[in-house]
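Note on naming: letters A, B, ... go to the chains in the order of the sequence lines (proteins, then strands), and numbering restarts at 1 for each one. Below, all heavy atoms of this structure are taken into account, side chains as well, without hydrogens, waters or symmetry copies.
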Amino acid sequence: MKAIAILASKEFCDGIRNRWFLGAAGALMIFALGLTFVGSAPSGSVGVDRLAVTTVSLTSLAVFLLPLMALLLSYDALVGEIERGTMSLLLTYPVARWQVVVGKFIGQTFGLGAATITGFGVAGLFLLWLAPDSANWHGYLLLVGSSVWLGAVFVAIGLVISGLPQQRGAAAALAFIVWLVFVVMYDMALLGGLVADQAAIIGPSVFNFLLLFNPADAFRMFNLAGVEDIRAAAGLLGADMAGGLALSGALMSLFFWTTLPLGLAVFIFHRKSL
Amino acid sequence: MPDKQTVCVQGVTKTFDTQHALENLTLSVGAGESLALLGHNGAGKTTLMKLVLGLIRPDAGKVRILGVDPAGSGATEIRQNLGYLPENIAFYPALSGAETLAFYARLKRQPVADCARLLDRVGLGDAARKKVGAYSKGMRQRLGLAQALIGNPRVLLLDEPTTGLDPELRHSFYNIVRELEDDGVSVILSSHALTELEAHTRKIAILRKGHLIAAGTLGELRDQANLPIHIRLNSHQAAGFSDIASSLPAGITQRPINGHAIELALPPTRKVEMLRYLVGNVPEFDDLDITQPTLADLYLHFQNRSTPS
């Protein structure tokens with residue numbers, strides 16, 4: 001659709017214009033380079049592959065940083081335009097409300113994705129020099145690809161947040177709470193439950209299932225459980241995350257965590273009075 | 001009279017929380033007609049425009065624009081024929097004037113090449129490359145008018161369009177509106193500048209607390225209100241006016257201004273009768289002014305009449 005393309009490209013250009021994407025790419029690059037050099041040092045010349053170690057470190061970095069960046073970018077997308085007054089004018093143009101939401105989603109996902117690819121790509125170039133013969137490059141490429149997807153998931157969640165409140169401040173607070181819940185508290189609660197439960201109810205399969213309910217954990221599972229050497233580097237060799245099942249489950253989780261919030265954001269925005 | 005109504009509002013009620021924004025409102029605008037909405041702040045002018053634009057839905061009644069429900073599913077395409085200038089217009093501050101117009105032109109599927117001409121038309125040709133964030137209120141208003149004119153809309157809604165414009169620009173603004181009317185565009189505008197509207201619009205609707213309290217052309221409103229017209233007599237003669245009150249026909253009141261001027265108030269229907277009488281019976285006057293009730297007088301009359309005492 002043409003309207004979606006116009007809105008998406010505007011969103012993308014806005015991000016470039018205000019240097020948001022540049023900042024995101026720079027931050028990701030600095031962290032990724034730091035982890036590449038520091039994180040792969042202890043492995044030395046023995047044991048696991050340097051690239052595998054770095055991939056594990058970067059996975060943890062991405063789980064923390066990308067949801068935060070995506071939410072910071074998208075929480076403002078709808079409520080900000082409503083508050084500044086540009087939305088009511090935009091909606092008098094031949095643009096359906098769902099197109100506004102989808103256009104913003106695509107534009108911001110592309111922008112954040114480009115920043116992710118740039119940041120992790122530069123780190124990848126250094127890894128090419130540090131570990132040229134590694135057999136785990138596909139694991140690294142999967143990390144970059146799934147990181148872009150993780151960004152998309154949290155842009156979609158951010159759009160839901162952006163459609164709910166009447167003020168930007170409330171949306172910002174909500175975005176921070178959502179980040180805290182998904183990235184920090186969910187895992188802590190799960191661990192706490194695991195300890196208290198003493199494996200009475202929460203067996204390995206239930207545990208894996210619960211992990212899939214959180215897109216951040218699904219992302220982690222996808223990247224850590226997929227490649228043999230990476231599982232070794234992550235200390236997951238003995239874990240019950242069987243490769244194939246974990247992979248497809250994680251992909252399903254990421255898929256639903258993209259489409260459902262996006263649909264919900266469209267639904268909420270459609271019912272909103274301006 | 002145009003045979004087809006481009007904007008039609010029938011029995012529309014809209015309530016925000018507990019406040020009645022509009023109540024059982026009915027009005028229509030035809031092609032090439034302009035309608036001015038008058039009313040105090042909060043009378044429902046902006047709400048009415050938002051209803052016509054489909055930004056909000058009525059609680060009861062129906063709204064049609066070019067035959068389509070503006071809040072319905074078929075409305076997206078209709079919006080190509082629609083221009084809107086909101087009351088407090090906001091733009092993306094990081095874009096320049098030309099970029100802003102290009103963005104909106106693309107959304108309306110209009111050639112971006114026309115934008116330069118539109119910017120010239122509203123007098124922003126020199127500021128096209130400047131960031132909108134650095135525009136003055138008047139410049140933003142003009143850019144707002146330019147975006148409303150993209151793609152030759154058939155219906156134009158302008159919410160207080162002349163605020164922030166200097167007198168010269170106001171004049172050229174109303175010239176643009178008149179050209180549009182001649183092209184068959186329906187123009188709905190709201191304003192508090194009554195003297196401007198008196199000179200420039202054809203149809204007027206007065207709102208009060210969500211109710212339509214009067215509608216019609218200026219002449220029709222004058223007929224409805226039946227306010228007295230004023231005749232002011234001036235005398236250049238040394239003696240001035242003698243007491244003419246006692247000899248005036250019944251129903252005419254007089255108010256002496258000073259010894260050389262006197263003001264008579266009379267029903268509009270008796271104007272000619274009174275002029276004949278004055279010429280025949282009051283030899284003292286050398287000059288006279290006839291003042292029709294202004295739109296401001298009419299506006300206050302209708303507003304006060306509908307105030308519950």
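Surrounding CZ of F110(A) are at most 12 heavy atoms belonging to other residues, nucleotides or ligands under 6.0 Å away. Counting heavy atoms of neighbouring residues, nucleotides and ligands inside a 6.0 Å radius, atom CZ of F31(A) does not exceed 12 of them. Remark: F16(B) CZ is packed, more than 12 non-hydrogen atoms of other residues, nucleotides or ligands lying under 6.0 Å away. Crowding of D126(B) atom CG: a count of heavy atoms from other residues, nucleotides or ligands under 6.0 Å not exceeding 12. Within 6.0 Å of CZ on F126(A) lie no more than 12 heavy atoms contributed by other residues, nucleotides or ligands. Surrounding NE2 of H270(A) are at most 12 heavy atoms belonging to other residues, nucleotides or ligands under 6.0 Å away.
For L53(B), the part lying under 4.5 angstrom from a heavy atom of chain A is the side chain only. Neither the backbone nor the side chain of I78(B) comes within contact range of chain A; no heavy atoms are under 4.5 Å apart. Heavy atoms closer than 4.5 Å to chain A are found in the side chain of I150(B), but not in its backbone.
Closest approach of L95(B) to K10(A), counting heavy atoms only: CD1-CE, 3.9 Å. Here the closest heavy-atom approach between residue G85(A) and residue A90(B) is recorded as C-CB, 3.9 Å. Contact record, L55(B) with R97(A): O-NH2, 3.4 Å, taken as the closest heavy-atom pair. Between Q147(B) and L89(A), the shortest heavy-atom contact is NE2-CD1, 3.5 Å.
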Start with the C-alpha gap between L91(A) and Y84(B), add the side-chain angles, then the distance that decides, and say whether side chain to side chain contact (heavy atoms under 4.5 Å, CB included) holds. CA-CA 10 Å; L91(A) 290 179; Y84(B) 174 47; over 6 Å; no

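Within the model, atoms CZ of R17(A) and NZ of K131(B) stand 6.0 Å from one another, a figure rounded to the nearest 0.5 Å. Taken to the nearest 0.5 Å, the NZ atom of K108(B) stands 7.0 Å off from the OG1 atom of T92(A). The structure places CD of E99(B) at 9.0 Å from SG of C13(A), a figure rounded to the nearest 0.5 Å. Within the model, atoms OH of Y92(B) and CD of E81(A) stand 3.5 Å from one another, a figure rounded to the nearest 0.5 Å. Taking OG of S88(A) as the reference point, atom CD of E87(B) lies at 11.0 Å (rounded to 0.5 Å).
For the pair I6(A)/Y104(B), no side-chain contact is recorded, criterion being any heavy-atom separation below 4.5 Å from C-beta on.
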